Protein chains: 2
Amino acid sequence: MDAIDLRLVELLRTNARLSFAELARQVGLSAPAVHERVGKLESSGVIRGYRADVDPDAVGLGVTALIGVVEESTTDADDLQALLKELPEIESCYFMAGVESFLLTVRVGTIAELERLIVRLNRTPGVASTRTGIALSAKWENRPRPLTPPTA
Amino acid sequence: MDAIDLRLVELLRTNARLSFAELARQVGLSAPAVHERVGKLESSGVIRGYRADVDPDAVGLGVTALIGVVEESTTDADDLQALLKELPEIESCYFMAGVESFLLTVRVGTIAELERLIVRLNRTPGVASTRTGIALSAKWENRPRPLTPPTA
DNA sequence: GGCGGAGGTCGATGGCATCCACGGCCTGTA
DNA sequence: TACAGGCCGTGGATGCCATCGACCTCCGCC
């Protein structure tokens, strides 16, 4: 992970469809060199994949919510996590410090669907309670942060 | 937005670097046809961009937190939003229903940096108070949800 | 029936991805 | 110092891909 790798990561983070030739021009190396570097970044797990950033509204997922989940004290967090993973509506799942063990970001089409999801969550074994906040709008999401060189 | 468009979106959501030729094979069209469809999806805003999914840990952003922000009653939400946008640490910003007007997902390198960020936030004009939850780990993030056809 | 547009296929061409052989530099060692 | 080996790069070759233009086909509408 030197400065060039960091620059490649930053470029791909902003536009994942850049060609290797273009990346090469940006960082001042040849295309094969960039190809190999990116391959290593992928296989070492620095780059986990490439995703199109899609407007959720446009694909029928206009409702975003954040749900805090309080675990029952008798349950194993791993078991609960496995159950949560079954629910495709859950886009992200964080294990948190605090009373609410999990914080979920959730995407559904309608408030009615959200209601059904909340009911389902509360019925899930290991869930003591949930607390839902509705996002009225996403001002921005997953904004790629400028990466600071390690010496900063 | 027909079923083929939806399939293209789903494919690109999972792997944004698929070639048009490969996409064409997957959906049973020719490459130029797919090229045109994807172009329209981009210019109509359905596809907002393409992002490499990077392990935050690997680029020195090992600390993730969620911060709820309570606005001062005298402030304009848009003004505050503009100020928040200046802070590169804020990865996502949702305008929420509830006491906390904004919910921020934040990514920093160390707990010390998080502390500085919280102090800065509390000093920001328009911010009445903040409430921070620390993510001990991200179980998963931005998982692409299988898209249901509109008739489902 | 004839027309026009949307959206598709096909074929050609230039650029890109990717493989391979080669070379320079840094480093540890005699 | 001289040298050997590994790492990382370059340059050239080759086949695939992106992309353009010409044409075709279907469908709704006059």
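Only a predicted model underlies this, so the values are computations on that prediction, with no experimental measurement involved. So you know, we letter chains A, B, ... as the sequences are listed, proteins then strands, and number each from 1. All heavy atoms count here, side chains included; hydrogens, waters and symmetry mates do not.
- Residue pairs that meet the ring pair (Phe, Tyr, Trp, His ring centres under 6.0 Å) test with at least one member in residues 21-51 of chain B, sequence neighbours left out, are B/F20-B/H35.
- With sequence neighbours left out, A/R116 forms a salt bridge (charged side-chain N to carboxylate O under 4.0 Å, His left out) with no residue at all.
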Got a list of protein N/O to nucleotides 13-17 of chain C N/O distances below 3.5 Å?
residue: C/dA17; atom: OP1; partner: A/F20; partner atom: N; Å: 2.7
residue: C/dA17; atom: OP2; partner: A/F20; partner atom: N; Å: 3.3
residue: C/dA17; atom: OP2; partner: A/A21; partner atom: N; Å: 2.8

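- Pairs engaging residues 22-45 of chain B under the salt bridge (Lys or Arg N to Asp or Glu O under 4.0 Å) rule: B/D2-B/R37, B/D5-B/R37, B/E22-B/R25, B/E36-B/K40 [sequence neighbours left out].
- Within the structure, ring pair (Phe, Tyr, Trp, His ring centres under 6.0 Å) contacts touching residues 64-89 of chain B (residues at least two apart or in different chains) do not occur.
- Nearest heavy-atom pair, B/L18 versus A/R17, reported as atom, atom and distance to 0.1 Å: O-NH1, 2.9 Å.
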Can you list, pair by pair, the side-chain donor-acceptor contacts under 3.5 Å of residues 65-74 of chain B, counting residues two or more places apart and other chains?
residue: B/E71; atom: OE1; partner: B/S101; partner atom: OG; Å: 2.9
residue: B/E71; atom: OE2; partner: B/A77; partner atom: N; Å: 3.2

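- Listed by residue number, the members of residues 40-54 of chain B with any heavy atom below 4.0 angstrom from DNA chain D form an empty set.
- Contacts classified as salt bridge (Lys or Arg N to Asp or Glu O under 4.0 Å) and involving residues 80-89 of chain A (residues at least two apart or in different chains) are given here: A/E89-A/R120.
- Residue-to-nucleotide proximity on DNA chain C shows that, of B/A33 and A/P32, the 5′-proximal contact is made by B/A33.
- Here the P atom of nucleotide C/dT18 and the CG atom of A/L23 are 12 Å apart, to the nearest Å.
- For A/D79, the salt bridge (charged side-chain N to carboxylate O under 4.0 Å, His left out) criterion is met by no residue, not counting sequence neighbours.
- Sorted by first then second residue, the ring pair (Phe, Tyr, Trp, His ring centres under 6.0 Å) pairs that include residues 100-143 of chain B, not counting sequence neighbours, are B/F95-B/F102.
- Annotation: salt bridge (Lys or Arg N to Asp or Glu O under 4.0 Å) contacts involving residues 121-140 of chain B, sequence neighbours excluded, comprise B/E100-B/R131.
- Chain B approaches DNA chain D within less than 4.0 angstrom (heavy atoms of the protein), and the contacting nucleotides run 5' to 3' from D/dC17 to D/dC20.
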